[in-house]
Amino acid sequence: MDLNYILNQHFLGNSIQQYLFSGAIFVLAFLFRKWGAKILSILLYRIFKRHTQESTVADFISHIQKPIQRFGLSVAFYLAIINLQFSEKVRLFESNSINLYVLSHNLAYIFLTFSVLRLLMRITDFIGHVMLVKAEKTESKTDDQLVPFFKDSVKVLLVIFSLLFILGVIFDLNVTAIIGGLGIGGLAVALAAQDSLANLLGSFTIFLDKPFQVGDIIEADGISGTVEKVGFRSTRIRTLDKSYVTIPNNW
């Protein structure tokens with residue numbers, strides 16, 4: 001049987017040759033993911049090297065190598081999918097407009113978005129680590145307390161922007177209307193999350209009034225220990241027996 005005839009056979013709107021090409025893209029990305037991630041990590045490290053004398057390239061690679069691998073696989077999956085043009089007539093359910101073309105492309109966009117999000121969050125972790133090392137060398141304890149807080153703030157913003165991007169760009173929803181709708185349902189959300197909001201306000205009070213700082217020995221709810229971290233919702237204390245206790249910020 002003629003090979004060209006076989007390769008040109010179509011299934012769900014694509015030829016066998018297209019399926020093989022898409023499969024080859026993903027297989028090659030999977031085989032070379034570690035090698036490619038290491039090279040890209042080293043290249044990215046050169047961007048941060050000027051400000052990261054406290055950390056080595058090995059520290060940077062340990063933070064972002066796996067997210068870069070996932071990012072590379074997501075890019076490969078995206079390229080493999082866009083190479084395929086599924087027929088829009090192939091519907092998953094007869095009762096709606098969802099078809100294989102829309103589903104496959106949306107999944108590719110979502111995987112790519114979350115891989116970028118994961119990579120940015122790991123870079124944020126690394127920057128936070130470098131800033132914390134620098135903060136520990138200063139006499140003030142305020143910066144030791146602020147670095148983890150701002151690092152967590154950046155990560156929360158990244159998650160919010162990613163979700164809005166998915167809703168607005170991928171699913172083509174009216175993000176402005178969604179945000180406006182949140183104002184209507186804000187009261188219900190606030191009532192449902194009273195404890196979380198109280199803890200968040202408590203964290204701001206701690207930062208502004210400074211009743212204690214990282215490194216101070218305090219007693220709360222009958223628990224004594226050294227303050228290790230002040231987060232959005234809670235404060236982590238290391239007790240005298242070296243165990244960790246998490247206390248809500250609204251205590």
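What you see is a predicted model; the values in this text were computed from it and never measured.
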Do [X] and [Y] sit in the same hydrophobic cluster, where Ile, Leu, Val, Met, Phe, Trp and Tyr count as joined when their side-chain heavy atoms come under 4.5 Å apart?
X    : Y    : value
F71  : I82  : yes
I39  : L31  : yes
L157 : V169 : no
F161 : V156 : no
I217 : I237 : no

Please examine the side chains of [Y] and [X], heavy atoms only from C-beta on, and report whether any two atoms are closer than 4.5 Å.
X    : Y    : value
F114 : I166 : yes
M121 : V159 : yes
R236 : V245 : no
T235 : K229 : no
D216 : T226 : no

How long is the straight-line distance from [atom2] of [Y] back to [atom1] of [X], given to the nearest 0.5 Å?
X    : Y    : atom1 : atom2 : answer
I81  : N106 : CD1   : CG    : 11.0 Å
S224 : I218 : OG    : CD1   : 9.0 Å
F150 : M131 : CZ    : CE    : 8.5 Å
Q17  : Q9   : CD    : CD    : 12.5 Å
Y78  : I110 : OH    : CD1   : 13.5 Å
E219 : I247 : CD    : CD1   : 9.5 Å

So which heavy atom on [X] is nearest to which on [Y], and how close?
X    : Y    : answer
T113 : F165 : OG1-CE2, 3.5 Å
S162 : L158 : OG-O, 2.8 Å
K34  : Q69  : CG-NE2, 3.6 Å

Salt-bridge present (D152, K155; N to O < 4.0 Å): no
Please identify each residue that fulfils side-chain contact (heavy atoms from CB on, under 4.5 Å) with I68, with sequence neighbours left out. A37, L40, S41, L44, I64, L119
If only atom types and distance count, is the side chain of S22 paired as donor or acceptor with the main-chain N or O of A80 below 3.5 Å? yes
R118 side chain to S115 main-chain N or O, any donor-acceptor pair under 3.5 Å? no
Apply side-chain contact (heavy atoms from CB on, under 4.5 Å) to H105 and Y109, showing your working. CA-CA 6 Å; H105 280 66; Y109 290 136; 4.3 Å; yes
If the plane angle is over 60° it's perpendicular, under 30° parallel, otherwise tilted; pick one for W35 and F32. perpendicular
